[in-house]
Amino acid sequence: MLVFIIACEIGFWVLLALGLALRYLVRARRASDVALLSVPLVDVVLLVATVIDLRSSETVATWQHGLAAAYLGYTVVFGHRTIRWADAWVGHRFGGGPPPRRPPAGGMARTRYEWAFWFRIVIAYGVTCALLFAAIWMVGDPARTAALSDFMAGLARVPLIALIWPVSYTIWPKKVASGS
């Protein structure tokens, strides 16, 4: 399962790079759109493979199945933003486009940005938990899915640790340089 997750991650970046190369280096807009629209298919393939593996009567869920759910949760919430960011960066670097937008430098705008980013992390965690609960329900055998519950509990540390940034920007807002 871990090898399949790694292959899907590589597939995501290969399709993204191919789509952007077709768009900015070859100037094949239609082919680029097809490649970029194919990126979510990697997630569908991973989801199908995970379900097939878990449906196998002898498969005991592992942390790797949990990682597959976390990967899917991340891509549901952050995948489109990642593609947009990469498109803006490559468009600036190779296509003469404007530089990508940067996060606000400070002040309340930066604080709002940090809280919004943290909220997206919480949503990704929620999507991951929903997928894990669905897998636990689908298998219907707590002895075979204990690792998924453990993974979910351990993954809760991510939004808790990420909470440091918005709280710190709220308590100690970064000053905006005068003239900005």
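The structure displayed is predicted, hence computed values, not measured ones.
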Visitor: Got a second to check how far Ile5's CD1 is from Thr50's OG1, nearest 0.5 Å?
Guide: 6.5 Å

Visitor: Is the shortest side-chain heavy-atom distance between Leu15 and Leu36 below 4.5 Å?
Guide: no

Visitor: Going hydrophobic residue to hydrophobic residue with side-chain gaps under 4.5 angstrom, can you get from Leu155 over to Met1?
Guide: yes

Visitor: Determine the minimum heavy-atom distance between Leu131 and Ala69, stating which atoms define it.
Guide: CD1-O, 3.7 Å

Visitor: Hey, could you give me the CG/OH distance between Leu160 and Tyr125, rounded to the nearest 0.5 Å?
Guide: 8.5 Å

Visitor: Are Val158 and Leu163 linked, directly or through other ILVMFWY residues, by side chains that come within less than 4.5 angstrom of each other?
Guide: no

Visitor: Side chains of Val127 and Leu72: does their closest heavy-atom pair fall under 4.5 Å?
Guide: no

Visitor: Could you list the residues that satisfy salt bridge (charged side-chain N to carboxylate O under 4.0 Å, His left out) with Arg23, not counting sequence neighbours?
Guide: Asp33, Asp87

Visitor: Would you please test Leu148 and Phe151 for side-chain contact (heavy atoms from CB on, under 4.5 Å) and show each step?
Guide: CA-CA 5 Å; Leu148 300 181; Phe151 186 86; 5.5 Å; no

Visitor: Closest heavy-atom contact between Leu54 and Ala135?
Guide: CD1-CB, 3.7 Å

Visitor: Side-chain contact test, heavy atoms from C-beta onward, threshold under 4.5 Å: evaluate it for Val51 versus Val48 and give yes or no.
Guide: no

Visitor: Measure across Ile121 and Pro159 and return the closest heavy-atom pair with its distance rounded to 0.1 Å.
Guide: CG2-CA, 4.0 Å

Visitor: Side chains of Leu20 and Ser32: does their closest heavy-atom pair fall under 4.5 Å?
Guide: no

Visitor: About how many Å separate CD1 of Ile83 and CG of Leu37, when rounded to the nearest 0.5 Å?
Guide: 8.5 Å

Visitor: Nearest heavy-atom pair of Val60 and Ala143: which atoms, and what distance?
Guide: CG1-O, 4.5 Å

Visitor: Side chains of Val42 and Trp13: does their closest heavy-atom pair fall under 4.5 Å?
Guide: no

Visitor: My understanding is that a hydrophobic cluster links ILVMFWY residues whose side chain heavy atoms are under 4.5 Å apart, including indirect links. Using that, what else belongs to the cluster containing Leu22?
Guide: Leu18, Val26

Visitor: Any chain of hydrophobic side-chain contacts (each under 4.5 Å) joining Trp89 to Leu25?
Guide: yes

Visitor: Within this structure, what is the NZ-OG distance for the pair Lys174 and Ser168, rounded to the nearest 0.5 Å?
Guide: 11.0 Å

Visitor: Rounded to the nearest 0.5 Å, how far apart are CD of Glu9 and CG of Leu67?
Guide: 9.5 Å

Visitor: What's the shortest heavy-atom distance between Thr145 and Ala61, and which atoms?
Guide: CA-CB, 4.1 Å

Visitor: Is there side-chain contact between Leu47 and Asp43, with heavy atoms separated by less than 4.5 Å?
Guide: no

Visitor: Under 4.5 Å between any side-chain heavy atoms of Phe4 and Val45, yes or no?
Guide: yes

Visitor: Establish whether Val139 and Ile52 are linked, either directly or via other cluster members, by ILVMFWY side-chain heavy-atom contacts under 4.5 Å.
Guide: no

Visitor: Please test Glu114 against Trp118 for side chain to side chain donor-acceptor pair (under 3.5 Å), starting from the C-alpha separation and ending with a verdict.
Guide: CA-CA 6 Å; Glu114 294 297 336; Trp118 178 78; over 6 Å; no

Visitor: Calculate, to the nearest 0.5 Å, the distance between atoms OH and OG1 belonging to Tyr71 and Thr75 respectively.
Guide: 6.0 Å

Visitor: When you measure from the side chain of Thr111 to the backbone of Tyr169, do you find a donor-acceptor pair of N or O atoms at a distance under 3.5 Å?
Guide: yes

Visitor: Can any side-chain N or O of Thr59 pair as donor or acceptor with the backbone N or O of Asp53 at less than 3.5 Å?
Guide: yes

Visitor: Indicate, with yes or no, if the rings of Phe117 and Phe78 have centres closer together than 6.0 Å.
Guide: yes

Visitor: As a quick check of understanding, evaluate side chain to side chain donor-acceptor pair (under 3.5 Å) for Trp115 and Thr170, giving each step before the final call.
Guide: CA-CA 9 Å; Trp115 279 107; Thr170 301; 2.6 Å; yes

Visitor: Check residues 90-108 and write down every donor-acceptor pair under 3.5 Å in which the side-chain atom is one partner and the other belongs to a residue at least two apart or another chain.
Guide:
{"unit_1": "His92", "atom_1": "ND1", "unit_2": "Gly97", "atom_2": "O", "d": "2.9"}

Visitor: Which atom names give the shortest non-hydrogen contact between Thr128 and Gly73, and what distance separates them?
Guide: OG1-CA, 3.6 Å

Visitor: Could you see if Tyr74 belongs to whatever hydrophobic cluster contains Leu41? Use Ile, Leu, Val, Met, Phe, Trp, Tyr and a side-chain cutoff under 4.5 Å.
Guide: no

